[in-house]
Undergrad: 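Sharing a structure here in structure tokens format.
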Amino acid sequence: MLLRYACTLERMGIIKSKEIASDLQQEYITQINNLEDKDMAATVLTTLKGKGFKLFVLTNGPSRSQRLKLEVLKIKNLFDGIYISEEIKYAKPDVKAIEFLLQTEKLLKEETLMVGDSIEYDIRTAENIGLATILIDRKRQYLNYRNIKIERLNEICKVICSINKENICMGD
């Protein structure tokens, strides 16, 4: 996110130094590396991929910063497709973003699961068009949300296991 802000501030003439922009970019990478579930993301995605699940990213923001995030997290190559709002010209919560992904990949709604950490941008739109969803609520801010909700990334496999009755559960 900081890279996005650094580029914007530089274009606006607020940051006049490439060094400051570079420092902001480095801070962005540091923040990504400090994410609580950083290491678990690759483990969970590898497990799901190994069980035959097709995995896609649908994210908002500038391509450069989103792709950098996937590279720093070392998960870019685990996805069958990466869809970024800047590239596809649709941004969540616009239903067209999800529909673009579904149509491009020829995915059926009843076989597609949206996992996201934003009620507004990820979950509500997906639910409104008939997708199953899992809300990642790391900060426990959605206490009144009554559908499937987890707090940690490593819980995803257990939830999918209970939904699909498949043996893809992982230990903590």
Side-chain angles (χ1 to χ4, degrees), residues 1 29 32-140 142 145-172:
M1 218 179 307
I29 291 170
I32 291 170
N33 280 320
N34 290 333
L35 288 174
E36 183 180 326
D37 289 340
K38 179 179 94 54
D39 296 327
M40 185 56 62
T43 302
V44 169
L45 294 170
T46 300
T47 299
L48 293 173
K49 189 90 170 152
K51 294 295 181 178
F53 286 90
K54 293 185 85 174
L55 306 173
F56 302 93
V57 172
L58 177 60
T59 186
N60 290 346
S63 296
R64 187 173 168 196
S65 60
Q66 297 299 2
R67 289 188 183 280
L68 175 63
K69 186 188 310 181
L70 295 173
E71 287 176 25
V72 170
L73 292 172
K74 298 182 174 105
I75 59 175
K76 179 181 160 191
N77 295 328
L78 295 173
F79 293 101
D80 296 286
I82 298 170
Y83 293 83
I84 302 172
S85 61
E86 182 179 65
E87 297 171 5
I88 66 171
K89 308 301 180 208
Y90 302 113
K92 302 176 295 178
D94 187 341
V95 71
K96 291 177 184 174
I98 296 174
E99 289 175 342
F100 181 86
L101 169 59
L102 294 172
Q103 291 169 1
T104 302
E105 297 294 339
K106 298 175 178 46
L107 302 174
L108 301 174
K109 290 179 184 180
E110 58 272 12
E111 296 177 358
T112 303
L113 173 68
M114 169 67 92
V115 178
D117 60 3
S118 170
I119 292 269
E120 179 185 353
Y121 288 94
D122 302 318
I123 302 303
R124 290 286 181 234
T125 303
E127 289 175 342
N128 288 341
I129 65 167
L131 299 185
T133 62
I134 297 176
L135 172 65
I136 303 173
D137 188 13
R138 290 179 185 91
K139 297 177 182 176
R140 298 178 185 170
Y142 301 111
Y145 183 73
R146 297 290 173 226
N147 290 332
I148 300 172
K149 175 174 59 173
I150 61 175
E151 291 177 14
R152 295 177 39 104
L153 201 53
N154 65 339
E155 297 173 59
I156 288 177
C157 292
K158 290 178 184 177
V159 170
I160 293 173
C161 179
S162 70
I163 294 170
N164 288 335
K165 308 288 191 260
E166 289 188 34
N167 186 22
I168 60 167
C169 298
M170 298 172 44
D172 291 328

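Numbers here simply count residues along the sequence, with the first being 1.
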Undergrad: Please list all pairs meeting salt bridge (charged side-chain N to carboxylate O under 4.0 Å, His left out) that have one or both residues in residues 102-111, counting only residues at least two apart or in different chains.
TA: none
Undergrad: Closest heavy-atom contact between L48 and C157?
TA: CD2-SG, 4.0 Å
Undergrad: Working to the nearest 0.5 angstrom, can you tell me the gap between L135 CG and R146 CZ?
TA: 12.5 Å
Undergrad: Looking at T112 and L131, would you say the former's side chain and the latter's main chain have a donor-acceptor pair under 3.5 Å?
TA: no
Undergrad: Using 30° and 60° as the class boundaries, would you call the ring planes of Y83 and F100 parallel, tilted or perpendicular?
TA: perpendicular
Undergrad: Which residues satisfy the salt bridge (charged side-chain N to carboxylate O under 4.0 Å, His left out) test with R140, sequence neighbours excluded?
TA: E151
Undergrad: Can you tell me if F56 has over 12 outside heavy atoms packed within less than 6.0 Å of its CZ?
TA: yes
Undergrad: Quick one: list whatever passes side chain to side chain contact (heavy atoms under 4.5 Å, CB included) with I148, sequence neighbours left out.
TA: I134, V159, I163
Undergrad: Tell me, with the steps shown, if V95 and N128 meet side-chain contact (heavy atoms from CB on, under 4.5 Å).
TA: CA-CA 9 Å; V95 71; N128 288 341; over 6 Å; no
Undergrad: Distance from I98 atom CD1 to T125 atom OG1, nearest 0.5 Å?
TA: 5.5 Å
Undergrad: Passes side-chain contact (heavy atoms from CB on, under 4.5 Å), D137 versus Y145? Steps please.
TA: CA-CA 10 Å; D137 188 13; Y145 183 73; over 6 Å; no
Undergrad: Under the salt bridge (charged side-chain N to carboxylate O under 4.0 Å, His left out) definition, can you give me all pairs with a residue in residues 84-97, not counting sequence neighbours?
TA: R67-E87, K92-D122
Undergrad: Can you name the nearest heavy-atom pair linking A91 to A97, along with the distance?
TA: C-CB, 4.0 Å
Undergrad: Enter the distance from M40:CE to N154:CG here, rounded to the nearest 0.5 Å.
TA: 4.5 Å
Undergrad: How many angstroms lie between atom OG1 of T47 and atom NZ of K49, to the nearest 0.5 angstrom?
TA: 13.0 Å
Undergrad: For the atom pair CG (L78) and NZ (K76), what is the distance rounded to the nearest 0.5 Å?
TA: 12.0 Å
Undergrad: Rounded to the nearest 0.5 Å, what separates atom CD1 in I156 from atom CZ in R152?
TA: 11.5 Å
Undergrad: Just grab all the salt bridge (charged side-chain N to carboxylate O under 4.0 Å, His left out) pairs involving residues 123-133, residues at least two apart or on different chains.
TA: R124-E127
Undergrad: Are L70 and T59 close enough, and set up right, to give a side-chain contact (heavy atoms from CB on, under 4.5 Å), and what steps lead you there?
TA: CA-CA 11 Å; L70 295 173; T59 186; over 6 Å; no
Undergrad: Closest heavy-atom contact between T133 and A126?
TA: CG2-CB, 3.7 Å
